[in-house]
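No hydrogens, no waters, no symmetry mates; every other heavy atom, side chains included, goes into these values. For this chain, numbers begin at 1 and follow the sequence in order.
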Amino acid sequence: MENEDLIRKAGNYVFTLFKEKLSKKLVYHNYKHTFEVVKEARELAQGYTLAPEEMEILMLAAWFHDTGYITTYENHEDESVEIATAFLRAEKYPEDKILQVNRCIMATKQNQITHHLLEDILVDADIANIGKDTFFATAELLRVEWEIFQNRTFSDLEWAQYQLDFLLSVSFRTQPAQAKFSKQLSKNIQAQRTHQLELAKKKKKKEKKNREDLAQPKRGIETMFKSTYDNHISLSAIADNKANMMISLNAIIMSIIITYLGTKSSIIGAEFTRNPILMIPVGILLATTLASVISAIISAQPEVTSFRLRPDKLTSRRINLLFFGNFTKISLEDFQNGMHDIMRDKNALYNNMITDIYYLGDVLKNKYRLLRISYTIFMIGIILTVLSFVIAISR
């Protein structure tokens, strides 16, 4: 009979090792999984007439096969071999048996070729989960582990497909495992296939809906664009009217002052000679009207926002192919191709309209900023002119 004391001691050692050193983030490869592998290995081994020494080697390998997870996730089997070897040597276990234990542990590595019945039994015990009705719940725990330790993320459809491929690619190597788990494995494959097809249908339905949303613009979206364009045009017209008013007003004031000073230079010059301080309010008024009219003219002058275009970037989010300042930079052929692309893709059309609105807003911002400067200069200039004139005549 196998050495039950050594196996029990190994189990206690692994329990303590996991409790003290195993990361709590390992929600699948933990003590619970190891305990279940030991249990399944013992039950599967009962289908064969194993020698006590073989059963002992199998149980020891089952206890230690995942201990390497305390230090590494990748290639943990190598670490498991090191931990098992250190423990068994400390127990003065025969070297030839330690080698057999290690071979069983390495057999649990994915896609590893087995060479002995003990290795087949342990591998089947390790993957017994695929033949249980708890497969789907425990598989989600493995998914969490991979996201944490391997930075491997899956969408629900990708994970369903991966699990289906895995179930179809593996098979139990021993007759007892096939007898015990094959029926539930078939059910799991069918359930996984159904789940994968449902997710695939949902994805296609969602993609179709998105395409329909793009291909058939909603009335609310078109109303929003129309209202926004109308507002921009109205605000631009208001800004131009205000600029024209400031240009006309300041031009009239400047013309009156310059004309009057030109025709009455001799008389006014004599007056200014007697009271030269009168030049201050006149100079302030002239400077005010000049600065104000310049700001107003800059605000009213046409502004074209454009940048260098590349034909291969005609659908860029920054480019508005509907604006003459952009499309006149390219050839007629490139413009026609770009317009056809826009007409085929509602997303590209909306991008162009959004870009147009953005640059219209940018132009309006500059217009109103310059108008504010023009009005501010005019207001401050008039105040200073009046104050300086009052001071001049009171002296």
Hey, is the main chain of [Y] close enough, under 3.5 Å, to the side chain of [X] for a donor-acceptor pair?
| X | Y | result |
| --- | --- | --- |
| N188 | K132 | yes |
| Q163 | A160 | no |
| S292 | S374 | yes |
| S80 | H65 | yes |
| Y368 | L235 | yes |
| Q196 | Q161 | no |
| S234 | N231 | no |
| T67 | W63 | no |
| E145 | V27 | yes |
| D66 | T34 | no |

Which distance, rounded to the nearest 0.5 Å, do you find between the [atom1] of [X] and the [atom2] of [Y]?
| X | Y | atom1 | atom2 | answer |
| --- | --- | --- | --- | --- |
| K365 | L370 | NZ | CG | 11.0 Å |
| C104 | L99 | SG | CG | 10.0 Å |
| I380 | I284 | CD1 | CD1 | 12.0 Å |
| T288 | F378 | OG1 | CZ | 8.5 Å |
| I294 | I377 | CD1 | CD1 | 8.5 Å |

[X] with [Y], same ILVMFWY side-chain cluster at under 4.5 Å:
| X | Y | result |
| --- | --- | --- |
| L197 | L199 | no |
| V123 | F172 | no |
| V37 | F166 | yes |
| M59 | F18 | yes |

Which pair of non-hydrogen atoms, one from L60 and one from I7, has the smallest distance, and what is that distance?
->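 What the structure gives for the nearest pair is CD2-CA, 4.3 Å.
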
In this structure, are over 12 heavy atoms from other groups packed under 6.0 Å from F35 atom CZ?
->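 It does not: F35 CZ has 12 such atoms or fewer within range.
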
Do other residues, nucleotides or ligands put more than 12 heavy atoms under 6.0 Å from the CG atom of N151?
->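 Count not over threshold, so no.
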
Does any pair with a residue in residues 172-198 pass salt bridge (Lys or Arg N to Asp or Glu O under 4.0 Å), and if so which ones, sequence neighbours excluded?
->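 Passing the test, one end in residues 172-198: E40-K180, E43-K180.
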
Shared-cluster residues of I113, by chain and number - hydrophobic side chains joined below 4.5 Å |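 Hydrophobic cluster check, I113: no partners found.
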
Using the ring-ring contact (aromatic ring centres under 6.0 Å, His included) rule, collect all pairs that involve residues 98-136, keeping only residues at least two apart or in two chains.
->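 Found none.
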
Side chains of Y28 and E140: is there a donor and an acceptor less than 3.5 Å apart?
->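 No, no side-chain donor-acceptor contact under 3.5 Å.
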
D126 and H33 side chains, donor-acceptor separation under 3.5 Å =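 Yes, D126 and H33 have a side-chain donor paired with an acceptor closer than 3.5 Å.
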
List the steps, then state whether side-chain contact (heavy atoms from CB on, under 4.5 Å) holds for Q150 with E74.
-> CA-CA 9 Å; Q150 295 185 322; E74 299 290 341; 2.6 Å; yes

Between [X] and [Y], what is the ring plane arrangement, given parallel below 30°, perpendicular above 60°, and tilted in between?
| X | Y | answer |
| --- | --- | --- |
| Y162 | F154 | tilted |
| H29 | H76 | tilted |
| F64 | Y13 | tilted |

Could R103 and E119 be called an ion pair, given the rule that one side-chain N must be under 4.0 Å from one carboxylate O?
->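 A salt bridge is absent here (no side-chain N lies under 4.0 Å from a carboxylate O).
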
Could you tell me whether K39 and E36 make a salt bridge, using a distance below 4.0 angstrom between a side-chain N and a carboxylate O?
->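 Answer for the salt bridge query: no.
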
Decide yes or no on salt bridge (charged side-chain N to carboxylate O under 4.0 Å, His left out) for E91 and K9, but give the supporting numbers first.
-> CA-CA 10 Å; E91 295 296 324; K9 191 172 184 180; 2.7 Å; yes

Just do the side chain to side chain donor-acceptor pair (under 3.5 Å) check on Y69 and E77 with the steps written out, would you?
-> CA-CA 8 Å; Y69 278 109; E77 295 87 359; 5.8 Å; no

Quick one: which of D156, T153, T138 gives a side chain to side chain donor-acceptor pair (under 3.5 Å) with R143?
->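 Running side chain to side chain donor-acceptor pair (under 3.5 Å) over D156, T153, T138 with R143 returns exactly one hit, D156.
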
